[in-house]
K.L.:
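The structure follows.
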Amino acid sequence: MAQVPKSVQKLIEAFERLPGIGPKTAQRLTFYLLNAPREEAENLAKAALEMKEKTTFCSVCFNIGESSPCNICDDAARNQSIIMVVENPLDILALDKTNFKGLYHVLGGVISPLENIGPSEIRIKELLPRLKKGVVDELILATNPTVEGEATAMYIQRLISPMDIKITRIARGLPVGSDIEYADETTLSRALEGRKEY
Ligand SMILES: [Zn+2]
């Protein structure tokens with residue numbers, strides 16, 4: 001019986017572990033690289049390693065950056081009294097193109113019972129000490145307008161409501177089920193301006 005070489009099998013398996021990549025795509029990517037010039041495989045491997053070596057999670061907001069605290073948390077010119085809660089670092093990339101100049105908090109996911117992700121699997125408890133300092137007076141919940149994103153926003157709202165902090169949710173200008181990271185600047189600006197008390 002014909003077998004693929006072990007090294008090929010290993011790469012297929014590595015691709016399969018990536019989110020959103022099934023066995024077929026993993027095979028396609030592997031055979032693409034098998035036929036591509038050596039340089040292309042090298043660039044991919046190098047970029048992945050370099051990213052791991054040069055980036056770190058900010059110890060304050062859990063954004064990715066090349067330093068901790070990240071350049072956003074470290075920027076004294078930003079409004080320290082307002083924190084926007086987002087699902088992942090790519091959301092910051094999109095939202096920071098709007099004129100929002102407060103701080104962020106990256107959850108690193110959403111509550112999803114179907115995927116066994118509970119509140120303790122994402123960075124909710126890490127948010128609490130940031131709110132206890134008495135500096136923050138508004139928390140904007142900017143999770144995606146999906147079922148999980150709404151459930152996560154609701155969970156945080158319940159948790160924070162005993163504290164004396166205004167809680168807002170970005171407006172529904174965003175299409176339901178869509179992702180903040182892919183939304184355009186105008187839509188995001190409108191969603192932010194139209195935020196409502198939660
Ligand atoms: Zn930070």
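The analysis underlying the following values was restricted to heavy atoms, covering all of them including side chains, and did not include hydrogens, waters or symmetry mates. Just follow the structure's listing: the first ligand is 1, and inside any ligand the first atom is 1.
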K.L.:
Between Arg169 and Glu197, is there a salt bridge with N-O shorter than 4.0 Å?
P.N.:
no

K.L.:
Please find the pair of heavy atoms, one from Leu90 and one from Glu181, that lie closest to each other, and give the distance.
P.N.:
CD1-OE1, 3.2 Å

K.L.:
Linking Ile, Leu, Val, Met, Phe, Trp and Tyr by side-chain heavy atoms under 4.5 Å, what else ends up with Val8?
P.N.:
Val4, Ile12, Phe31, Leu34

K.L.:
Closer than 2.8 Å to the Zn ion (ligand 1), how many protein N/O/S atoms do you count?
P.N.:
4

K.L.:
Would you say Glu66 and Thr56 are linked by a side-chain donor-acceptor pair, where the criterion is simply a distance under 3.5 Å?
P.N.:
no

K.L.:
What pair of heavy atoms forms the shortest contact from Tyr104 to Leu95, and how long is it?
P.N.:
OH-C, 3.6 Å

K.L.:
Compute whether any side-chain donor of one residue and acceptor of the other, for Asn144 and Thr146, lie under 3.5 angstrom apart.
P.N.:
no

